[in-house]
Amino acid sequence: IFDPALRDAARQKAEAIYRRRDVTDSVRAAAANMVAAAYQQDEKYADALTWANRSNDLRPSEQTQGLINRLKQLLGN
C-alpha cells in the first residue's frame, strides 16, 4: 500500500486523523485501518492488530474482522 520511504509519514498522518474528535467515526476508522496496514507492511503485527481493533471498534466490518483474524494467526493467537 505504501512506498517504504513514505510509510512512516503516512502512518503518522493517519494517527493524527484518528486522534481528532472533530471527524466522523467512519473517517477515524479508516485512518486506524491505514495505520494497521502500515504496521502490517513493517511486519509489526501486534501494533497492526491494535490498530485494526481500533478501526473495528469504531466501524465493524467483515474486511477489518478478516484482517484481525489474519493478524492473530500471524501472532499465533
Side-chain angles (χ1 to χ4, degrees):
I1 292 176
F2 301 111
D3 178 332
L6 305 174
R7 191 175 300 142
D8 284 341
R11 181 186 49 75
Q12 289 172 358
K13 286 180 183 180
E15 284 183 27
I17 292 168
Y18 172 82
R19 288 188 175 91
R20 289 179 54 181
R21 298 296 176 191
D22 63 330
V23 297
T24 64
D25 283 350
S26 61
V27 170
R28 292 179 66 229
N33 202 36
M34 295 281 285
V35 175
Y39 276 128
Q40 183 180 15
Q41 287 184 337
D42 286 336
E43 298 181 4
K44 295 180 178 178
Y45 301 125
D47 291 327
L49 179 58
T50 296
W51 283 94
N53 279 319
R54 288 175 180 170
S55 175
N56 207 49
D57 287 346
L58 289 170
R59 194 83 168 182
S61 73
E62 289 182 26
Q63 180 182 0
T64 305
Q65 188 59 55
L67 173 60
I68 290 167
N69 293 340
R70 285 189 302 278
L71 291 167
K72 284 181 176 180
Q73 285 180 328
L74 290 167
L75 290 167
N77 295 337

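Note that the structure is a prediction, hence the values are computed from the model and not measured.
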Hits for side chain to side chain contact (heavy atoms under 4.5 Å, CB included) against Lys44, two or more places apart or cross-chain, chain-then-number order -> Tyr39, Asp42, Asp47
Minimal heavy-atom distance between Leu71 and Ala52, with the atoms involved, is CD1-CB, 4.1 Å
Do Gln12 and Val35 have side chains that get closer than 4.5 Å, going by heavy atoms?
no
Arg28/Asp25 salt bridge by N-O under 4.0 Å criterion
yes
Nearest heavy-atom contact between Ala14 and Met34 is CB-CB, 4.0 Å
What one should report as the nearest heavy-atom pair of Ala36 and Leu67 is CB-CD2, 4.3 Å
Correct closest heavy-atom pair for Gln40 and Ala48 would be N-CB, 3.7 Å
Check your understanding: So do Tyr18 and Val23 actually touch side chain to side chain, heavy atoms under 4.5 Å?
Key -> no
To the nearest 0.5 Å, atom CG of Asn77 lies from atom CG of Asn69 at 11.0 Å
Distance col, row Leu75:CG vs Leu49:CG, nearest 0.5 angstrom, shows 6.0 Å
Residue set satisfying side-chain hydrogen bond (donor to acceptor under 3.5 Å, both in side chains) with Asn56, at least two apart, ordered chain then number -> Gln65
More than 12 heavy atoms from other groups under 6.0 Å of CZ on Arg54 = yes
Check your understanding: Do side-chain atoms of Asn33 reach the backbone of Ala29 as a donor and acceptor pair under 3.5 angstrom?
Key -> no
Residue pair Val27, Arg20: steps toward the side chain to side chain contact (heavy atoms under 4.5 Å, CB included) verdict: CA-CA 10 Å; Val27 170; Arg20 289 179 54 181; over 6 Å; no
